[in-house]
Amino acid sequence: MPLSSGAQWGMKISAIVFFSSLVGAYLFFYADESRGGSPVDGPPELPVLESWPHIEVHDPSDQSFWPYRVFKSSSWTPPNISITHNSGDLADGYLFINPKSRSKEHAMKQSAPVIMTYDNELVYAYDESHGTGNFRVQDWKGKPRLSLWQGESTIGHGYGQAVLLDEGYMPLRLDLDKSEAAVNWRLGKDVKAPGLVDFHEQKLTERGTIYMTAYNNTPANLSSIGGPERGWVADSLIYEMDVKTSKILWTWSALDHVDLEWSKLPVQSYMGDGTVDRPWDHFHINSIQEVGDNLLISSRHTWSVYLVSKEEGDIVWTLSGSGEGGDFGPLPEEGQFRWSHDARAFNVTPDSMTVSLIDNHNMKDDNGTVPTRGLLFGLTLPPNPDVAPTVLRSIRTNDQDIYSMSQGSYDPELPNGNQLMCYGAMPMVREYGPSSDGSSHNGDLRWQGQFGYYESAQSYRAFKGPWHGTPRGEDPKLVTEVVRGPSQWEDCPTTLVKNHVSWNGATDIDSWNVYVGAPAGPVPVPARVPGPASTPTAPSNGAPVAPVPAVLSDSTATPLRKKIEWDLTATALKKGFETVFRLEMHPGWCVQLGAVRAGEEIRRSNTVCI
């Protein structure tokens, strides 16, 4: 039975529940152990139980892991993001990041794609044993889809699959057919990859196709650039595939269109030496965007952005980060870029377009030169060598500069005009306000989140936007802690329990319906696990907390043999990823929760009996 902190409230509600069958105050229905019954409209004016988010952070004293969150009803341990936030307005939506360890020291407790709120609450974590990356929302034929890559990585690229998740988190996995895709690859000994798709780009189109990158190790004569005559190149490939049929529609090879001499990467570097075991990555593709009948492509190792014709595969024009500017006029010094990522086109017309990118300007062998920043260029079309690109924005924070050697993303046009910067190999995401001064190097930094130790964690990219999900393969998970054993109140013994409930990936949940009931037959023996040694975190209102002697959950090995007559007795507002609230219950009775969205109950949790 739910009770307020006072005994008077407890006696009142216990009496209501005890006599409910006589006065017909509540609606009864039958439900099995795992799901509950159909959505039910409860009685009006249900008591609202006090609830709060479970906030527990583990911070290893030896810094073996970045501080991480832990929960009672979920095994996920997302990073505890260190957040600073000024009074400026933020863009609506969730944050999509892919925290990942870069080293075994000071690492992430758990590497996984996650959806987070701006105030550090987990919304969803994706479960996968392989490495993952590039986690975001895309549109597929008018429907929102989560997309990500999963697979195994080597230095600079990877081999795996593209994965699309619908709003119920049901996966569609896409790979390149080995009989159609010319991909020769090598990974470490005994490392098995689930596919041939590279992690850098998986870009959906309005036609229902997807562009994916891949890397093909191929023989090449490298003597002209100081390498072996019988050398090897990790060639950057693009494949366009029909999502429904998996048919490959179009391919492109950088080696066929970009001269070896254009590369800024030495043949011998930390990324390879031109041999069969360590091929030279002369181009290093990292982003693709369809622009009309062409593709905008970013190349890290040539310091360039290319517009490529889909009809012939030829390069239409080049925007070079070096001083000469490529097919455009010479870039001003403040617009020159190196080792860049994530080139995107905006406001495209026949006469002009804007192009954004993240200028890493650093790599392992060329580091500490210029801080990493977001750049936005204005281009006049067609390109004219006498007309230089205009630097519209150069976004960084002078007193908090970051030098990122790889990866990252820059979105200059969040829905409210804000801008999002992800620093890739450095575990930092920043949201800036709208930029009114293109020459400003001290942007309006409104939100900052660090999710790992520098040099030890990364997120390939980060995105922000709306998402609505209702898991189809997973129900809400309820775990109950006994706070106080049975006591006697007017011949009505009760036990005080604390309930923890979460539902990984469920968005827009407003509250939890609280059902209690007495089994009509034998009760399964609940699983009992020793509780934590320390006193659990107190709620924000400072209410007293007792040590927890046991944690209870439903017994999956012993299903209920008879149905329970459930009584909808209260509601608790959803708070954070894991909601916590207290409840008074009769010994031997059971509790089950129902997730409520927009006034409708959409799913039941497991059953816990005490």
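As a basis for the values below, the full set of heavy atoms in this structure was taken, side chains included, without hydrogen atoms, waters or symmetry mates.
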Around atom [atom1] of [X], are there more than 12 heavy atoms from other residues, nucleotides or ligands closer than 6.0 Å?
X: Arg207; atom1: CZ; result: yes
X: Glu261; atom1: CD; result: yes
X: Lys247; atom1: NZ; result: no
X: Glu455; atom1: CD; result: no
X: Tyr118; atom1: OH; result: no
X: Asn221; atom1: CG; result: yes

Exercise for the section: For a side chain to side chain donor-acceptor pair (under 3.5 Å) with Gln419, tell me which candidate from Glu413, Arg393, Arg430 qualifies. Expected result: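 Testing Gln419 for a side chain to side chain donor-acceptor pair (under 3.5 Å) against Glu413, Arg393, Arg430 leaves exactly one candidate, Arg393.
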When you check the side-chain N and O atoms of [X] and [Y], is any donor under 3.5 Å from an acceptor?
X: Asp92; Y: Asn416; value: no
X: Thr349; Y: Asp351; value: no
X: His284; Y: His200; value: yes
X: Asp277; Y: Thr275; value: no
X: Gln150; Y: Tyr126; value: yes
X: Asp342; Y: Ser409; value: no
X: Tyr211; Y: Glu290; value: yes
X: Arg344; Y: Gln289; value: no
X: Ser309; Y: Asp314; value: no
X: Ser73; Y: Ser502; value: yes

Practice task
Keeping the roles fixed (side chain from Asp242, backbone from Leu249), state whether a donor-acceptor pair exists under 3.5 Å.
Solution key: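 Pair absent, no side-chain N/O of Asp242 close to backbone of Leu249.
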Handout entry: Test item: Asp327 side-chain N/O and Thr318 main-chain N/O as donor-acceptor pair under 3.5 Å
Key = yes
Completion exercise
On a heavy-atom basis, the closest approach of Pro79 and Met116 is O-CE, 4.3 Å
Can you check whether [X] reaches [Y] side chain to side chain, under 4.5 Å on heavy atoms?
X: His282; Y: Ile225; value: no
X: Trp447; Y: Asn418; value: no
X: Leu90; Y: Leu414; value: no
X: Asn504; Y: Glu474; value: yes

[X]/[Y] ion pair, N-O < 4.0 Å:
X: Lys264; Y: Asp366; result: no
X: Arg446; Y: Asp444; result: yes
X: Lys310; Y: Glu240; result: yes
X: Glu201; Y: Arg461; result: yes

Exercise for the section: Answer with yes or no after comparing the ring centroid distance for Trp303 and Trp339 against a 6.0 Å cut-off, counting only values under it. Expected result: yes
Problem - Contacts of type ring pair (Phe, Tyr, Trp, His ring centres under 6.0 Å), residue Phe577, not counting sequence neighbours - result: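 Ring pair (Phe, Tyr, Trp, His ring centres under 6.0 Å) check on Phe577 returns Phe71.
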Practice task
Using ring pair (Phe, Tyr, Trp, His ring centres under 6.0 Å) as the criterion, list what pairs up with Phe65, not counting sequence neighbours.
Solution key: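 With neighbours one apart ignored, the set is empty.
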Exercise for the section: Specify whether Tyr215 and His157 have parallel, tilted or perpendicular ring planes, treating 30° as the upper limit for parallel and 60° as the lower limit for perpendicular. Expected result: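 The arrangement is parallel - the two ring planes meet at less than 30°.
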Exercise for the section: Classify the ring geometry between Tyr169 and Tyr124 as parallel (under 30°), tilted (30 to 60°) or perpendicular (over 60°). Expected result: parallel
Which donor-acceptor pairs under 3.5 Å do the side chains of residues 142-149 make with protein atoms, sequence neighbours left out?
{"unit_1": "Ser147", "atom_1": "OG", "unit_2": "Gln138", "atom_2": "NE2", "d": "2.8"}
{"unit_1": "Trp149", "atom_1": "NE1", "unit_2": "Val197", "atom_2": "O", "d": "2.7"}

Handout entry: Atom pair CE/CG of Met212 and Leu204 - distance to nearest 0.5 Å
Key =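 Between atom CE of Met212 and atom CG of Leu204 there are 10.0 Å.
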